[in-house]
Amino acid sequence: FFFTQKTAYEIGVRLVGSEMCIRDREEFIRLEDFSSSQEGQLPEGWYVRSRDEDSPKLYEVQKEADTYYLAAQDTGLSVILLKIAHWNPHEFPILSWCWRADALPPNGNEHVTETNDSAAGVYVIFQETWGLGLPIQNKYVWSTTLAEGTIGRRDMIARPYFLVEQSCYGSLGRWEREVVDLIADYGNTFGGKPKPRTLGIGVLTDSNNTHSYAEAYYADVRLWRREALDNGSIPDHCACLPAGDLTPQAGAQKTRTNP
(Lines give C-alpha, C1' and ligand atoms only; values in the text may rest on other atoms or scores of the structure.)
Protein backbone atom coordinates (compact mmCIF):
# COMPACT_ATOMS: atom_id res chain seq x y z
CA PHE A 1 0.00 0.00 0.00
CA PHE A 2 0.95 3.68 -0.42
CA PHE A 3 2.41 4.32 3.03
CA THR A 4 4.10 1.06 3.98
CA GLN A 5 7.51 2.22 2.77
CA LYS A 6 7.65 4.99 5.37
CA THR A 7 9.32 4.30 8.70
CA ALA A 8 7.47 4.47 12.00
CA TYR A 9 9.65 7.43 12.98
CA GLU A 10 8.67 9.46 9.91
CA ILE A 11 5.00 8.71 10.44
CA GLY A 12 5.25 9.62 14.10
CA VAL A 13 6.85 13.00 13.44
CA ARG A 14 4.11 13.99 11.02
CA LEU A 15 1.36 12.68 13.32
CA VAL A 16 2.57 14.73 16.28
CA GLY A 17 2.53 17.91 14.19
CA SER A 18 -0.94 17.23 12.84
CA GLU A 19 -2.41 16.43 16.25
CA MET A 20 -0.96 19.62 17.70
CA CYS A 21 -2.74 21.61 14.98
CA ILE A 22 -6.01 19.80 15.55
CA ARG A 23 -6.04 20.52 19.27
CA ASP A 24 -6.26 24.29 18.74
CA ARG A 25 -9.58 25.89 17.90
CA GLU A 26 -8.64 27.54 14.64
CA GLU A 27 -11.35 27.34 12.02
CA PHE A 28 -9.08 25.62 9.49
CA ILE A 29 -5.85 23.68 9.14
CA ARG A 30 -3.65 24.37 6.15
CA LEU A 31 -2.59 20.92 5.01
CA GLU A 32 -0.32 22.24 2.27
CA ASP A 33 0.53 25.50 0.53
CA PHE A 34 3.97 24.41 -0.80
CA SER A 35 5.65 27.51 0.67
CA SER A 36 8.20 25.44 2.62
CA SER A 37 9.49 23.80 -0.57
CA GLN A 38 12.17 24.83 -3.05
CA GLU A 39 11.18 26.00 -6.49
CA GLY A 40 11.77 23.43 -9.21
CA GLN A 41 11.76 20.52 -6.76
CA LEU A 42 9.29 17.97 -5.47
CA PRO A 43 7.37 19.43 -2.52
CA GLU A 44 8.78 18.88 0.94
CA GLY A 45 7.15 15.95 2.75
CA TRP A 46 5.68 14.37 -0.39
CA TYR A 47 6.94 11.23 -2.08
CA VAL A 48 6.22 8.75 -4.87
CA ARG A 49 5.60 5.03 -4.52
CA SER A 50 8.67 2.82 -4.60
CA ARG A 51 7.78 1.50 -8.05
CA ASP A 52 7.91 5.08 -9.40
CA GLU A 53 11.18 6.15 -7.79
CA ASP A 54 13.17 5.67 -11.00
CA SER A 55 10.59 7.42 -13.20
CA PRO A 56 10.96 11.08 -14.23
CA LYS A 57 9.38 13.27 -11.60
CA LEU A 58 6.20 14.80 -12.97
CA TYR A 59 5.73 17.42 -10.28
CA GLU A 60 7.60 20.53 -9.21
CA VAL A 61 6.93 23.51 -6.97
CA GLN A 62 6.63 26.84 -8.76
CA LYS A 63 6.33 30.38 -7.46
CA GLU A 64 4.85 33.57 -8.85
CA ALA A 65 5.20 36.72 -6.74
CA ASP A 66 4.59 35.42 -3.20
CA THR A 67 2.41 32.50 -4.25
CA TYR A 68 3.59 28.89 -4.33
CA TYR A 69 1.85 26.08 -6.15
CA LEU A 70 2.50 22.60 -7.51
CA ALA A 71 2.86 22.11 -11.26
CA ALA A 72 2.13 18.70 -12.81
CA GLN A 73 2.57 17.28 -16.30
CA ASP A 74 2.16 13.82 -17.73
CA THR A 75 2.92 12.30 -21.10
CA GLY A 76 2.08 8.74 -20.10
CA LEU A 77 3.85 7.80 -16.85
CA SER A 78 0.99 8.24 -14.35
CA VAL A 79 2.93 8.87 -11.14
CA ILE A 80 0.97 9.51 -7.94
CA LEU A 81 2.41 11.99 -5.44
CA LEU A 82 1.56 11.25 -1.79
CA LYS A 83 1.73 12.91 1.60
CA ILE A 84 1.13 11.37 5.01
CA ALA A 85 -1.52 13.45 6.77
CA HIS A 86 -3.39 12.37 9.88
CA TRP A 87 -6.46 14.25 11.07
CA ASN A 88 -9.87 13.43 12.51
CA PRO A 89 -12.35 13.85 9.63
CA HIS A 90 -15.21 14.12 12.11
CA GLU A 91 -13.62 17.24 13.62
CA PHE A 92 -12.43 18.65 10.29
CA PRO A 93 -14.79 17.16 7.69
CA ILE A 94 -14.56 19.88 5.03
CA LEU A 95 -11.69 19.88 2.54
CA SER A 96 -10.93 22.76 0.20
CA TRP A 97 -8.21 23.24 -2.37
CA CYS A 98 -7.30 25.18 -5.50
CA TRP A 99 -6.54 23.60 -8.86
CA ARG A 100 -6.16 24.60 -12.47
CA ALA A 101 -6.18 22.40 -15.56
CA ASP A 102 -4.39 23.68 -18.68
CA ALA A 103 -4.48 20.53 -20.83
CA LEU A 104 -7.03 17.71 -20.63
CA PRO A 105 -6.36 14.14 -21.82
CA PRO A 106 -8.66 13.74 -24.86
CA ASN A 107 -11.69 11.50 -24.29
CA GLY A 108 -10.64 10.85 -20.70
CA ASN A 109 -13.34 8.82 -18.96
CA GLU A 110 -12.74 7.57 -15.43
CA HIS A 111 -15.36 4.84 -15.82
CA VAL A 112 -13.35 3.01 -18.52
CA THR A 113 -9.92 1.47 -18.03
CA GLU A 114 -8.79 2.26 -21.58
CA THR A 115 -9.44 5.99 -21.10
CA ASN A 116 -9.07 6.31 -17.32
CA ASP A 117 -7.12 9.59 -17.30
CA SER A 118 -7.80 12.82 -15.43
CA ALA A 119 -6.12 16.18 -15.87
CA ALA A 120 -6.19 16.58 -12.09
CA GLY A 121 -7.03 14.32 -9.18
CA VAL A 122 -6.96 14.76 -5.41
CA TYR A 123 -7.00 11.63 -3.23
CA VAL A 124 -8.14 11.36 0.37
CA ILE A 125 -6.94 8.06 1.87
CA PHE A 126 -9.11 7.36 4.90
CA GLN A 127 -7.92 3.98 6.12
CA GLU A 128 -6.98 0.43 5.13
CA THR A 129 -9.17 -2.63 4.96
CA TRP A 130 -8.78 -5.12 7.78
CA GLY A 131 -6.54 -8.06 6.91
CA LEU A 132 -5.50 -7.20 3.35
CA GLY A 133 -4.49 -3.62 4.11
CA LEU A 134 -6.04 -2.22 0.93
CA PRO A 135 -6.67 1.52 0.78
CA ILE A 136 -10.11 2.96 1.33
CA GLN A 137 -9.96 6.19 -0.62
CA ASN A 138 -11.95 8.75 -2.56
CA LYS A 139 -10.52 10.59 -5.55
CA TYR A 140 -11.83 13.99 -6.63
CA VAL A 141 -11.21 14.54 -10.33
CA TRP A 142 -11.26 17.10 -13.12
CA SER A 143 -12.73 14.97 -15.90
CA THR A 144 -12.54 15.51 -19.65
CA THR A 145 -15.92 13.95 -20.43
CA LEU A 146 -17.91 13.03 -17.31
CA ALA A 147 -20.42 15.48 -15.86
CA GLU A 148 -19.88 17.24 -12.54
CA GLY A 149 -21.46 15.27 -9.73
CA THR A 150 -20.69 11.89 -11.31
CA ILE A 151 -19.61 9.23 -8.81
CA GLY A 152 -18.19 5.91 -9.93
CA ARG A 153 -15.65 3.19 -9.46
CA ARG A 154 -13.98 0.78 -11.85
CA ASP A 155 -14.54 -2.87 -11.03
CA MET A 156 -10.98 -3.63 -9.95
CA ILE A 157 -9.48 -4.43 -6.56
CA ALA A 158 -8.52 -1.50 -4.30
CA ARG A 159 -9.65 1.14 -6.81
CA PRO A 160 -10.85 4.44 -5.36
CA TYR A 161 -14.25 5.88 -5.92
CA PHE A 162 -14.00 8.93 -8.13
CA LEU A 163 -16.11 12.04 -7.70
CA VAL A 164 -16.17 14.56 -10.55
CA GLU A 165 -15.76 18.13 -9.29
CA GLN A 166 -14.87 19.83 -12.60
CA SER A 167 -15.77 18.76 -16.12
CA CYS A 168 -14.60 19.51 -19.65
CA TYR A 169 -13.18 22.81 -20.87
CA GLY A 170 -15.39 25.49 -19.32
CA SER A 171 -12.87 26.45 -16.61
CA LEU A 172 -9.71 25.50 -18.48
CA GLY A 173 -6.79 27.75 -17.59
CA ARG A 174 -8.54 29.21 -14.54
CA TRP A 175 -8.01 28.44 -10.89
CA GLU A 176 -11.04 26.87 -9.29
CA ARG A 177 -11.74 26.44 -5.59
CA GLU A 178 -13.29 23.14 -4.55
CA VAL A 179 -15.05 22.57 -1.24
CA VAL A 180 -16.10 19.01 -0.40
CA ASP A 181 -17.74 17.29 2.57
CA LEU A 182 -15.58 14.27 3.34
CA ILE A 183 -18.07 12.62 5.68
CA ALA A 184 -20.99 12.95 3.27
CA ASP A 185 -18.88 11.75 0.35
CA TYR A 186 -17.62 8.75 2.33
CA GLY A 187 -21.23 7.85 3.10
CA ASN A 188 -22.13 8.12 -0.59
CA THR A 189 -19.27 5.88 -1.69
CA PHE A 190 -18.38 3.35 1.01
CA GLY A 191 -21.37 3.81 3.31
CA GLY A 192 -21.19 4.47 7.03
CA LYS A 193 -18.56 6.72 8.55
CA PRO A 194 -14.76 6.74 8.30
CA LYS A 195 -12.42 6.04 11.17
CA PRO A 196 -11.37 9.04 13.28
CA ARG A 197 -7.89 9.17 11.78
CA THR A 198 -6.99 9.51 8.13
CA LEU A 199 -3.84 8.19 6.46
CA GLY A 200 -3.02 10.82 3.90
CA ILE A 201 -3.67 12.70 0.69
CA GLY A 202 -2.38 12.44 -2.85
CA VAL A 203 -2.47 14.12 -6.25
CA LEU A 204 -2.36 12.62 -9.72
CA THR A 205 -2.23 14.16 -13.17
CA ASP A 206 -2.18 11.37 -15.75
CA SER A 207 -2.55 10.61 -19.46
CA ASN A 208 -1.11 7.10 -19.77
CA ASN A 209 -4.26 5.33 -20.94
CA THR A 210 -5.13 7.90 -23.61
CA HIS A 211 -1.46 8.11 -24.70
CA SER A 212 -1.68 11.87 -24.63
CA TYR A 213 -0.72 14.86 -22.50
CA ALA A 214 -2.17 16.39 -19.33
CA GLU A 215 -1.18 19.49 -17.39
CA ALA A 216 -2.54 20.81 -14.09
CA TYR A 217 -1.66 22.84 -11.02
CA TYR A 218 -2.53 22.48 -7.32
CA ALA A 219 -2.43 24.94 -4.43
CA ASP A 220 -3.52 25.77 -0.86
CA VAL A 221 -5.11 22.62 0.58
CA ARG A 222 -7.15 23.32 3.73
CA LEU A 223 -9.29 21.48 6.26
CA TRP A 224 -12.28 23.19 7.89
CA ARG A 225 -14.65 22.59 10.75
CA ARG A 226 -18.22 22.04 9.69
CA GLU A 227 -19.40 25.32 11.16
CA ALA A 228 -17.22 27.18 8.64
CA LEU A 229 -19.27 25.64 5.84
CA ASP A 230 -22.56 26.11 7.65
CA ASN A 231 -21.76 29.78 8.35
CA GLY A 232 -20.56 30.47 4.83
CA SER A 233 -17.18 31.61 6.15
CA ILE A 234 -14.92 29.66 3.77
CA PRO A 235 -13.37 32.34 1.54
CA ASP A 236 -12.30 31.97 -2.07
CA HIS A 237 -8.66 31.48 -1.19
CA CYS A 238 -7.85 30.79 -4.84
CA ALA A 239 -8.81 34.20 -6.21
CA CYS A 240 -5.29 35.66 -6.25
CA LEU A 241 -3.53 32.71 -7.88
CA PRO A 242 -1.91 33.34 -11.31
CA ALA A 243 -4.00 32.59 -14.40
CA GLY A 244 -2.91 30.03 -16.97
CA ASP A 245 -3.13 29.60 -20.71
CA LEU A 246 -6.81 30.08 -21.55
CA THR A 247 -6.48 28.37 -24.93
CA PRO A 248 -8.27 24.98 -24.69
CA GLN A 249 -5.88 22.08 -25.11
CA ALA A 250 -6.64 18.39 -25.35
CA GLY A 251 -3.63 16.14 -25.55
CA ALA A 252 -1.37 18.84 -26.93
CA GLN A 253 2.17 17.63 -27.35
CA LYS A 254 4.49 19.73 -25.22
CA THR A 255 8.05 19.48 -24.07
CA ARG A 256 8.27 17.89 -20.65
CA THR A 257 9.76 20.14 -18.00
CA ASN A 258 10.34 17.48 -15.36
CA PRO A 259 13.49 18.01 -13.31
Side-chain angles (χ1 to χ4, degrees), residues 1-34 36-37 42-50 70 80-99 121-141 151 153 157-163 165 178-204 218-230 233-234 237:
F1 172 53
F2 291 160
F3 299 111
T4 54
Q5 66 197 69
K6 288 296 181 182
T7 66
Y9 172 76
E10 290 174 305
I11 293 173
V13 169
R14 286 170 174 80
L15 176 58
V16 168
S18 298
E19 288 183 336
M20 287 174 64
C21 290
I22 288 174
R23 279 197 293 269
D24 70 37
R25 293 302 302 177
E26 291 299 322
E27 197 169 40
F28 75 90
I29 298 170
R30 181 172 281 112
L31 271 184
E32 182 63 82
D33 65 2
F34 305 105
S36 64
S37 302
L42 289 175
E44 184 72 23
W46 294 71
Y47 68 98
V48 299
R49 293 172 295 181
S50 56
L70 181 68
I80 299 174
L81 194 63
L82 297 159
K83 178 178 182 175
I84 295 170
H86 300 305
W87 76 91
N88 186 336
H90 302 282
E91 293 184 12
F92 287 86
I94 310 302
L95 177 70
S96 71
W97 71 91
C98 310
W99 59 1
V122 173
Y123 290 81
V124 177
I125 302 98
F126 291 97
Q127 59 210 50
E128 297 177 349
T129 60
W130 184 85
L132 294 178
L134 301 175
I136 295 176
Q137 53 187 327
N138 280 337
K139 179 186 180 185
Y140 299 94
V141 301
I151 298 176
R153 188 187 199 184
I157 190 170
R159 297 298 179 182
Y161 279 95
F162 65 82
L163 303 92
E165 298 298 316
E178 305 300 336
V179 180
V180 300
D181 186 330
L182 299 176
I183 300 299
D185 289 340
Y186 187 95
N188 288 332
T189 54
F190 295 99
K193 297 181 179 180
K195 292 182 178 179
R197 180 185 175 214
T198 62
L199 292 180
I201 59 175
V203 297
L204 173 63
Y218 305 85
D220 202 358
V221 185
R222 303 184 184 190
L223 293 165
W224 301 83
R225 299 185 187 276
R226 183 166 300 283
E227 50 262 37
L229 181 66
D230 295 341
S233 58
I234 300 177
H237 52 94

Without placing hydrogens or testing angles, list every side-chain donor-acceptor pair under 3.5 Å for residues 92-99, not counting sequence neighbours.
unit_1: Ser96; atom_1: OG; unit_2: Trp224; atom_2: NE1; d: 2.8
unit_1: Ser96; atom_1: OG; unit_2: His237; atom_2: NE2; d: 2.9
unit_1: Trp99; atom_1: NE1; unit_2: Glu178; atom_2: OE2; d: 3.0

Sequence-distant partners of Arg153, salt bridge (charged side-chain N to carboxylate O under 4.0 Å, His left out), two or more places apart | none

For Asp185, salt bridge (charged side-chain N to carboxylate O under 4.0 Å, His left out) partners two or more places apart | none

Please name all residues satisfying side chain to side chain contact (heavy atoms under 4.5 Å, CB included) with Pro160, sequence neighbours left out, ordered by chain then number.
-> Tyr123, Gln137, Lys139

side-chain hydrogen bond (donor to acceptor under 3.5 Å, both in side chains) filter on Ser233, not counting sequence neighbours, yields Glu27

Which residues satisfy the side-chain hydrogen bond (donor to acceptor under 3.5 Å, both in side chains) test with Asn188, sequence neighbours excluded?
-> none

Ring pair (Phe, Tyr, Trp, His ring centres under 6.0 Å) partners for Tyr186, two or more places apart = Phe126, Phe190

Spacing of CG belonging to Asp220 relative to CZ belonging to Arg30, to within rounding of 0.5 Å = 5.0 Å

Could you check if a side-chain atom of Val203 sits within less than 4.5 angstrom of a side-chain atom of Trp46, using non-hydrogen atoms only?
-> yes

Rounded to the nearest 0.5 Å, what's the gap from CZ on Arg49 to CG on Leu81? Could you check?
-> 11.0 Å

Give the minimum heavy-atom separation between Pro89 and Pro194, together with the two atoms involved.
-> CG-CG, 4.0 Å

Look at the side chain of Thr198 and the backbone N and O of Ala85, then say whether any donor-acceptor pair between them is shorter than 3.5 Å.
-> yes

To the nearest 0.5 Å, what is the distance between CD1 (Ile84) and CD1 (Ile201)?
-> 11.0 Å

Is any side-chain N of the basic residue among Arg226 and Asp181 closer than 4.0 Å to the acidic one's carboxylate O?
-> yes

Atom CD1 of Ile183 and atom NE2 of His90: how far apart are they, to the nearest 0.5 Å?
-> 4.5 Å

Given side-chain contact (heavy atoms from CB on, under 4.5 Å), test His86 with Leu199 step by step and report yes or no.
-> CA-CA 5 Å; His86 300 305; Leu199 292 180; 4.3 Å; yes

Does Tyr218 have any ring pair (Phe, Tyr, Trp, His ring centres under 6.0 Å) partners at least two apart in sequence or in another chain, and if so, which?
-> none

Quick one: CG on Leu182 to NZ on Lys193, what's the gap to the nearest 0.5 Å?
-> 14.0 Å

Got a second to check how far Glu44's CD is from Lys83's NZ, nearest 0.5 Å?
-> 9.5 Å

